[in-house]
Amino acid sequence: MMFRRKLLTVFALTVFLSVAAVALLVSVVTRRAFEHSEDERTAALVTQFHREFNRQGDLVARSVETIASSEAVTRMALALNRASPDAGPYFELARTIGENNQLDFLEFVESDGTIASSAQWPSKFGYRDNAIDGFSVVADRGAFLKQEDLPDGPTLGLFAVRPIRAGERPVYVIGGRRLDKTFLSGLDLPVGMRVLLYQNRGERFSPEFLVDAGTDSAESKRPAEKLEPMVDAVRQSKQETSRLVQWSEDPAADEVLHAIPLLGAGNEREHSLLAILLIGNSRRTYVELMRRIRSAAIMVAGGGVALAILLSTWAAARVTRPVEQLAYAAQEVAQGNWYVRVDVTGDDELGQLADSFNRMTTELLGQRERLVQAERVAAWRELARRLAHELKNPLFPLQLTVENLVRARQQTPEQFDEVFLEGSKTLLAEIANLKGIIARFSEFSQMPQPRLERVPLNDVIHGVMQLFQVQLDTPGRAKINCELQLALNLPPVAADSELLHRAISNLVLNALDAMPQGGTLTLRTREEGSRILIDVADTGLGLTPEQCDQIFTPYYTSKPHGSGLGLAIVQSVISDHGGRVRVQSEPGRGTTFVIELPAAAT
């Protein structure tokens with residue numbers, strides 16, 4: 001991955017993670033704030049419900065107290081305490097007094113439970129009220145919740161009981177008001193909240209028992225069946241509970257419902273669950289706020305990514321351009337241009353790096369000059385040593401021959417002619433040897449410059465193999481197999497065909513000498529990028545790492561009768577062609593010479 005892309009990725013990822021972290025933090029804080037707000041609003045609404053419940057209960061209790069102390073009711077109590085009581089004249093009394101005192105329920109019950117008058121159900125006149133045993137417990141107390149049977153079905157109400165002791169047998173006044181939509185609509189509900197009342201009638205859940213003050217609201221039209229699991233849980237545990245109810249696929253329609261059980265009074269207080277108060281908190285505000293937070297986060301992230309692109313582009317241009325210049329300069333140095341320089345554009349780290357690079361190339365130039373001079377001195381010293389060694393060998397027999405001739409001339413003049421003829425042969429042979437030595441040195445020092453032209457490399461390989469084919473097929477010579485692995489459609493190279501033929505021939509001859517016991521000679525051509533490679537491989541004894549380091553040194557040879565100039569000539573030819581040659585070898589595994597040449601320009 002390029003540095004610019006890495007920089008862009010880092011900037012974009014940093015912005016994205018930062019925005020995501022902030023959005024997540026805001027979401028968590030918002031959720032907790034809403035949960036805390038929901039708890040507070042629910043607690044406030046429950047408090048308001050109890051306050052309204054107590055207020056209505058106080059009104060009912062005062063109304064019942066007023067009725068119990070009224071003159072008409074007192075006369076009725078006295079009449080019912082007679083020896084032969086007659087409740088008939090008081091049949092309508094409860095309805096009349098109840099309407100005057102704004103009570104939905106009002107009954108007068110004798111001490112034995114007989115109903116003397118009923119405002120809510122007049123036909124109960126003369127029947128016995130089975131709850132008479134509990135009247136003594138709740139008499140003279142505050143209001144309580146009670147389920148009342150009516151002709152159209154049971155209903156809930158706030159009741160109060162007061163006894164009238166106008167004789168030996170008390171008469172009970174039982175009055176109350178409905179706990180219905182009117183009661184619920186009197187509650188001051190915050191925005192997004194609603195109150196429902198489920199009347200616990202029957203063993204199974206029924207939407208008919210659910211009382212909702214908002215008859216025309218969209219919430220009241222939701223399927224009440226989704227409340228059944230929550231209602232059943234409260235009916236079993238008789239404990240407060242809270243749940244999230246999903247009314248539809250839209251999260252904004254979700255609602256958190258708090259269920260509060262309402263228990264009966266008297267003997268039923270600990271056993272009878274009369275109703276369940278349901279307080280709903282809409283999550284629409286929370287969901288819409290979260291959506292706005294996400295939208296804002298996406299917008300900020302998009303803007304941040306765009307800003308990251310601009311910043312990364314600027315930073316990349318600020319950072320990568322000097323780096324690219326350094327990389328280009330390093331490539332130039334690697335290709336031999338030691339005079340390349342990098343512009344120093346500042347005093348920052350990149351400027352210091354460019355200045356260090358320039359100082360490095362300057363020092364390398366100085367070291368290169370010193371190295372070249374040292375190599376020249378060493379080469380001339382080696383040349384002088386080699387030349388002295390080569391000339392010393394034939395000079396010694398020349399000296400002996402001349403001394404023998406002088407001695408023969410002085411001591412045995414009659415045999416001088418014979419000694420002279422033999423000495424002349426020795427002199428001529430050693431002089432010829434000296435000429436050969438001088439010719440080899442002259443040949444190495446006067447390598448002609450190549451005349452470059454477009455040369456098909458495979459044709460040169462075939463020409464070399466034709467030259468050595470007769471030598472390979474010589475009877476009595478160890479068998480050497482020749483394998484050609486030439487790449488097809490190989491582009492031509494810019495070369496001097498004669499010099500290239502000579503260099504490859506030297507490598508082939510070197511490979512043949514390395515396999516005195518026979519083996520396999522492989523010539524291979526291939527293309528790698530803009531360069532053409534030639535492999536000359538043998539299966540001979542191989543070379544040690546020390547020999548590989550010195551094998552191209554002039555006059556260095558590992559052969560008994562080698563001149564040490566063959567591989568030096570190969571390296572000189574390939575270098576003049578703009579290429580290079582290297583050796584790959586291991587003892588016992590053969591040797592491979594690799595020639596790299598640039599392809600000819602099209």
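All values below were derived from every heavy atom in this structure, side-chain atoms included, with hydrogens, water molecules and symmetry-related copies excluded. These numbers were taken from a predicted model, which means no experiment stands behind them.
Counting non-hydrogen atoms of neighbouring residues, nucleotides and ligands closer than 6.0 angstrom, the CD atom of Gln517 reaches no more than 12 such neighbours. Atom CE of Met360 sits in a crowded spot, with more than 12 heavy atoms from other residues, nucleotides or ligands closer than 6.0 Å. Summarising the local packing, CD of Glu453 is surrounded by more than 12 heavy atoms from other residues, nucleotides or ligands at distances under 6.0 Å.
The pair Asp250-Arg291 meets the salt-bridge criterion, since a charged nitrogen lies less than 4.0 angstrom from a carboxylate oxygen.
Remark: side-chain polar atoms of Ser585 are paired, donor with acceptor, to backbone N or O of Gly590 under 3.5 angstrom. Between the Asn458 side chain and the Leu488 main chain, no donor and acceptor come within less than 3.5 Å of each other. Under a 3.5 Å cut-off, the side chain of Thr525 and the backbone N or O of Ala487 do form a donor-acceptor pair.
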Derivation and outcome, side chain to side chain contact (heavy atoms under 4.5 Å, CB included), residues Gln547 and Val583: CA-CA 10 Å; Gln547 290 175 325; Val583 61; over 6 Å; no
Working for side chain to side chain contact (heavy atoms under 4.5 Å, CB included), residues Ser572 and Asp576: CA-CA 6 Å; Ser572 176; Asp576 290 341; 3.9 Å; yes
Trace of the side chain to side chain contact (heavy atoms under 4.5 Å, CB included) decision for Asn510 with Phe593: CA-CA 10 Å; Asn510 195 71; Phe593 287 91; 3.8 Å; yes
Side chain to side chain contact (heavy atoms under 4.5 Å, CB included) between Val493 and His577, worked out: CA-CA 10 Å; Val493 295; His577 282 76; over 6 Å; no
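Considering only heavy atoms from C-beta on, Asn281 comes within 4.5 Å of His258 through its side chain. Residues Asp254 and Val287 fail the side-chain proximity criterion, which asks for heavy atoms closer than 4.5 Å. Between Leu257 and Met230 there is a side-chain heavy-atom pair separated by less than 4.5 Å. Using a 4.5 Å heavy-atom threshold, the side chains of Arg243 and Pro229 count as touching. Ile595 is listed as a side-chain neighbour of Leu507, based on a closest heavy-atom distance under 4.5 Å. With a 4.5 Å cut-off on side-chain heavy atoms, Glu528 and Glu596 do not count as touching.
Thr592 is linked by a side-chain hydrogen bond (donor to acceptor under 3.5 Å, both in side chains) to nothing, counting only residues two or more places apart in sequence or in another chain.
Residues Leu500 and Ala495 approach most closely at CD2-CB, 4.0 Å, considering heavy atoms. When every heavy atom of Pro492 is checked against every heavy atom of Pro456, the shortest pair comes out as CB-N, 4.4 Å. Across Leu543 and Cys548, no two heavy atoms sit closer than the pair CB-SG, 3.8 Å. Taking all atoms of both residues into account, the shortest heavy-atom contact from Ala503 to Ile574 is CB-CD1, 4.4 Å. Closest non-hydrogen pair, Leu486 versus Leu523, comes out as CD2-O, 4.1 Å. Closest approach of Met465 and Cys482 over heavy atoms only: CE-SG, 2.6 Å.
Atom CE of Met515 sits about 9.0 Å away from atom CG of Asn481, to the nearest 0.5 Å. Separating the CZ atom in Arg359 from the OG1 atom in Thr361 is a distance of 10.0 Å, to the nearest 0.5 Å. Note that OG of Ser497 is 14.5 Å distant from CZ of Arg454, once rounded to the nearest 0.5 Å. Expressed to the nearest 0.5 Å, how far CD of Glu527 lies from CG of Leu457 amounts to 11.0 Å. We find the CD1-NE2 distance between Ile461 and His501 to be 9.0 Å, quoted to the nearest 0.5 Å. Separating the CG atom in Leu521 from the CG atom in Leu512 is a distance of 6.0 Å, to the nearest 0.5 Å.
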Anything under 3.5 Å between a donor and an acceptor, one on a side chain of residues 535-542, the other on a protein residue two or more places apart or in another chain? List them.
residue : atom : partner : partner atom : Å
Asp535  : OD1  : Arg526  : NH1          : 3.1
Asp535  : OD2  : Arg524  : NH1          : 2.9
Asp535  : OD2  : Arg526  : NH1          : 2.2
Asp538  : OD1  : Gly540  : N            : 2.9
Asp538  : OD1  : Thr591  : N            : 3.2
Thr539  : OG1  : Thr520  : N            : 3.0

